[in-house]
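Computed from a predicted model, the values in this text were never measured in an experiment. Proteins get letters first, then strands, A, B, ... in listed order; numbering begins at 1 in each.
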Protein chains: 2
Amino acid sequence: MDAIDQSLLELLRGNARLSYAELARQVGLSAPAVHERVGKLEASGVVRGYRAEVSPEAIGLGVTALIGIVEDSGGDTDDVLEAFRAMPEIESCYFMAGVESFLLKARVGTIAELEQLIVRLNRTPGVASTRTAVALSTKWENRPQPVPAPPA
Amino acid sequence: MDAIDQSLLELLRGNARLSYAELARQVGLSAPAVHERVGKLEASGVVRGYRAEVSPEAIGLGVTALIGIVEDSGGDTDDVLEAFRAMPEIESCYFMAGVESFLLKARVGTIAELEQLIVRLNRTPGVASTRTAVALSTKWENRPQPVPAPPA
DNA sequence: GGCTCTGGTCGATCGCGTCCACGGCCTACA
DNA sequence: TGTAGGCCGTGGACGCGATCGACCAGAGCC
């Protein structure tokens, strides 16, 4: 993971569909060399995948909510997790320090759907209570920050 | 935005580096047809871009925190936003309903850096108070949910 | 000093991206 | 109902890119 790898990551975070030839020009190597480097970054898990970023509103998911979950003292955390995983509306799931064990980011089409989701969450075994905050607007999201000095 | 467009979005959300030829095979059209459809999806803003997803730990950003911000009654929201925007650690910024006007997702390398970030946030004009919760682990993040029925 | 491993370039081949001309279907309208 | 026009697709052509193999330079190690 040297400076060239960092440049490649930076470039691919900006536009994942850049050709190897274009990447090669940008970093001053040959295309096969870039191909090999990127392959190693993928194989080592540094690059997890390449995703098209779709505007949520455009596909009818205009409502974003952040939901804190307090767990039942008797519940099994893994079961709760499984239940969350089965709900496709839950885009992100963090296990947190604090009273609320989980923080979920959910995306639905309407407030009515959000209501149904919250009801389902509250009914989930192991969930003691939920606290929902809805996002009025998303100022930005998943902004890539510059790759800092490598850990190695 | 018909069923084929939805398939294309689904495919590209799974792997943004698929070739047009491959996409064409998957949806049963010719490559130029797919090229044109994807071009229109990009032009209309449905597809915002293509991003490589990089493992945060691999680039030395092992600490994720969610930070709620209570605004000063006298502060200017736009100024606060500008200040947040200038902090690269803040990956996402939502404007929320509720006492806390903003919810930030921040990513830093160490707890010490998180401390410095919180100090900077509290010093920011317009910020009355902050509430930080750190993520112990990320169960999943930005999981693409199936494209539902189109709004049209 | 020579061996080997790593990581690069170069060249060749094959497939892909992309442009263009053409054609079929659907609709609007007389 | 016949017809014109627009939309959206296909097929062909051509140049570029992906990718493989062969080869080479430098570092580290015996």
Side-chain angles (χ1 to χ4, degrees), chain A residues 1-61 142 144 146-152, chain B residues 1-61 142 144 146-152:
Chain A
M1 169 78 91
D2 59 4
I4 291 184
D5 281 339
Q6 289 180 34
S7 305
L8 290 174
L9 288 181
E10 213 82 64
L11 288 165
L12 285 171
R13 290 214 285 178
N15 180 4
R17 280 183 81 80
L18 286 176
S19 68
Y20 290 116
E22 183 57 33
L23 290 171
R25 275 189 287 272
Q26 300 274 341
V27 302
L29 287 183
S30 66
V34 167
H35 189 254
E36 175 153 351
R37 277 173 176 266
V38 173
K40 284 181 182 171
L41 288 172
E42 292 170 0
S44 68
V46 175
V47 172
R48 288 212 200 117
Y50 304 95
R51 297 268 186 78
E53 187 187 327
V54 173
S55 160
E57 301 81 21
I59 55 173
L61 296 174
N142 299 127
V147 180
Chain B
M1 169 77 90
D2 60 3
I4 293 185
D5 281 340
Q6 289 180 33
S7 304
L8 290 174
L9 288 180
E10 212 80 64
L11 289 165
L12 285 171
R13 290 213 288 177
N15 180 4
R17 280 182 80 81
L18 286 176
S19 69
Y20 290 114
E22 184 56 33
L23 291 170
R25 276 187 286 270
Q26 300 274 339
V27 302
L29 287 183
S30 65
V34 168
H35 188 251
E36 174 154 352
R37 277 174 177 265
V38 172
K40 284 181 183 170
L41 288 172
E42 293 170 359
S44 68
V46 176
V47 171
R48 287 211 202 117
Y50 304 95
R51 299 265 188 79
E53 186 188 327
V54 174
S55 160
E57 302 81 22
I59 56 174
L61 296 175
N142 298 129
V147 179

> Out of curiosity, B/Q26 CD to B/E22 CD, how far, rounded to the nearest 0.5 Å?
Replying inline: 5.0 Å
> Want to settle it: does A/G28 or A/R17 sit nearer the 5' end of DNA chain C, counting the closest nucleotide to each?
Replying inline: A/G28
>> Using 0.5 Å steps for rounding, measure from the OG atom of A/S55 to the CG atom of B/L9.
In response: 10.5 Å
> Is any side-chain N of the basic residue among B/E53 and B/R13 closer than 4.0 Å to the acidic one's carboxylate O?
Replying inline: no
> Between B/K40 and D/dC8, does any side-chain N or O lie under 4.0 Å from OP1 or OP2?
Replying inline: yes
>> Keeping B/R17 on the side-chain end and A/G49 on the backbone end, is there a donor-acceptor pair under 3.5 Å?
In response: no
> Tell me, which of residues 18-25 of chain B have any heavy atom that sits under 4.0 Å from an atom in DNA chain C?
Replying inline: B/S19, B/Y20, B/A21, B/R25
>> From C-beta outward on B/A33, which listed nucleotide comes closest to its side chain: D/dG12, D/dT19, D/dG9?
In response: D/dG9
>> Taking side-chain contact (heavy atoms from CB on, under 4.5 Å) as the criterion, tell me which of A/N15, A/L8, A/L29 meets it with A/L23.
In response: A/L8
> Given atom CZ of A/R37 and atom P of C/dG7, what is their separation to the nearest angstrom?
Replying inline: 8 Å
> B/D2 CG to D/dC8 P: how many Å, rounded?
Replying inline: 9 Å
>> Determine whether a donor-acceptor pair (N or O, by modelled atom type, separation under 3.5 Å) exists between the side chain of A/R37 and the backbone of A/I4.
In response: no
>> Is the phosphate of D/dT19 approached by A/H35 (side-chain N or O, under 4.0 Å from OP1 or OP2)?
In response: yes
> Can you tell me how far P of D/dC7 sits from CD1 of B/I4, to the nearest Å?
Replying inline: 18 Å
